There are 2 protein chains.
Amino acid sequence: MSREFRRAMPLLPISMVMQLTELTARQIRYYEEHKLIEPARSEGNRRMFSLDDVDALLEIRELLDQGINMAGIKKVFDMRKTNNVKSSNKLSISDAELRAILREEMQQAQIMQKASLRQGDLSRFFQVKGE
Amino acid sequence: MSREFRRAMPLLPISMVMQLTELTARQIRYYEEHKLIEPARSEGNRRMFSLDDVDALLEIRELLDQGINMAGIKKVFDMRKTNNVKSSNKLSISDAELRAILREEMQQAQIMQKASLRQGDLSRFFQVKGE
DNA sequence: AATACCATGTTAGAAAAAATAACATATAAA
DNA sequence: TTTATATGTTATTTTTTCTAACATGGTATT
């Protein structure tokens, strides 16, 4: 419980998140606008991000790199959310479904050959899920 | 590599550290002046604190609460440092864990102290959207 | 081809946070 | 009492972040 709490704790200013995710402030705010993340706000209205937020942003970046657009990313996030509710644990069926959606979205997106950066996972810096 | 690296990573602005430790900015800077902590600096010269820094500050606060003055705290810190080098991990690790536990308990206490929403755990510190 | 939309860049102006530095002060030590 | 400690307070400047608006290159649609 407390580990989850820590990961959900809003601690980081946007500058740090920019560095960790290699996203611009504009992008981060845009994704918030589209409800992909919902960072907390400080008293003075500054966004404060949790490690969970950073995770989400890293995943967004990864999906973007794969040529998936906002609509697709939203779908992926929604599916993940509902899947988590149902089978509170790891995937297998959900994984297959997810791949299906990904393929679909990738087709529609006419992927261009972007050198696929390997996913910059938070595990470089933080304890993730397992530990 | 990762665990220590993560905990040593400078992520937090001073405002967060103030809330986590319940120390004033003045105090935190004063302890830095006395070399009890050495937070990193951002490009623009802002102090960025690691979780290790927060740990140290929590311990400082604890010792202060016990009536120990700066000189005493310095000594304690020095002893711990040399102990870490000499008797390697066994002692220091358990000690770090102890502090971690203490911190968790504090957090838990803060949670309990207030019936809160899932993301509202820190709502005395932050204004969370939709609250 | 022309148009519209999407995701992001850029810029301006305002507000908040944080830095340094100086001076103030209550308590403890000498 | 005088001095030293540890922290408060205030002023000023710099950095960071915010919102909002407009700009733009690439896709998709018509």
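The model shown is predicted, which means the values in this text are computed figures rather than measured ones. A note on names: the letters A, B, ... follow the listed sequences, proteins ahead of strands, and every chain is numbered from 1.
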Could you list, one pair per line, each protein nitrogen or oxygen that sits under 3.5 Å from a nitrogen or oxygen of nucleotides 1-4 of chain D, together with the distance?
none

Using a cut-off of under 3.5 Å, enumerate the N/O to N/O pairs linking the protein to nucleotides 10-14 of chain D.
{"unit_1": "D:dT14", "atom_1": "O2", "unit_2": "B:R46", "atom_2": "NH2", "d": "3.1"}

Checklist entry - Closer to the 5' end of DNA chain D via nearest nucleotide, is it A:M18 or B:A71? => result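 Closest to the 5' end, via its nearest nucleotide, is B:A71.
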State which residues pass salt bridge (Lys or Arg N to Asp or Glu O under 4.0 Å) with [X]; sequence neighbours excluded, sorted by chain then number.
X     : answer
B:E38 : none
A:R29 : none
B:R41 : B:E32

Item to check | Under-4.0 Å salt bridge between B:R47 and B:D53 | outcome: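 Salt bridge between B:R47 and B:D53, a charged N being under 4.0 Å from a carboxylate O: no.
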Checklist entry - Got a sec, which residues hit side chain to side chain contact (heavy atoms under 4.5 Å, CB included) with B:S15, two or more places apart in sequence or on another chain? => result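 Residues passing side chain to side chain contact (heavy atoms under 4.5 Å, CB included) with B:S15: B:P13.
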Next on the checklist: If the condition is side chain to side chain contact (heavy atoms under 4.5 Å, CB included), which residues does B:E43 pass it with, not counting sequence neighbours?
Outcome noted: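 With neighbours one apart ignored, the set is empty.
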Could you tabulate the donor-acceptor pairs under 3.5 Å formed by side-chain atoms of residues 71-79 of chain B, not counting sequence neighbours?
{"unit_1": "B:K74", "atom_1": "NZ", "unit_2": "B:H34", "atom_2": "ND1", "d": "3.1"}

Checklist entry - Which pairs pass ring-ring contact (aromatic ring centres under 6.0 Å, His included) with one or both residues in residues 40-71 of chain B, sequence neighbours excluded? => result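 Pairs touching residues 40-71 of chain B that pass the test: none.
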Next on the checklist: Does D:dT17 have OP1 or OP2 under 4.0 Å away from a side-chain N or O of A:S15?
Outcome noted: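 For A:S15, the contact criterion (side-chain N or O under 4.0 Å from OP1 or OP2 of D:dT17) is met.
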Next on the checklist: When you measure from the side-chain N and O atoms of A:R47 to the phosphate of D:dT17, is any distance below 4.0 Å, counting only OP1 and OP2?
Outcome noted: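 Negative; the distance criterion is not met.
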Checklist entry - For residues 23-36 of chain B, which residues have at least one heavy atom under 4.0 Å from DNA chain D? => result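 Result for residues 23-36 of chain B: B:T24, B:R26, B:Q27, B:Y30, B:Y31, sorted by number.
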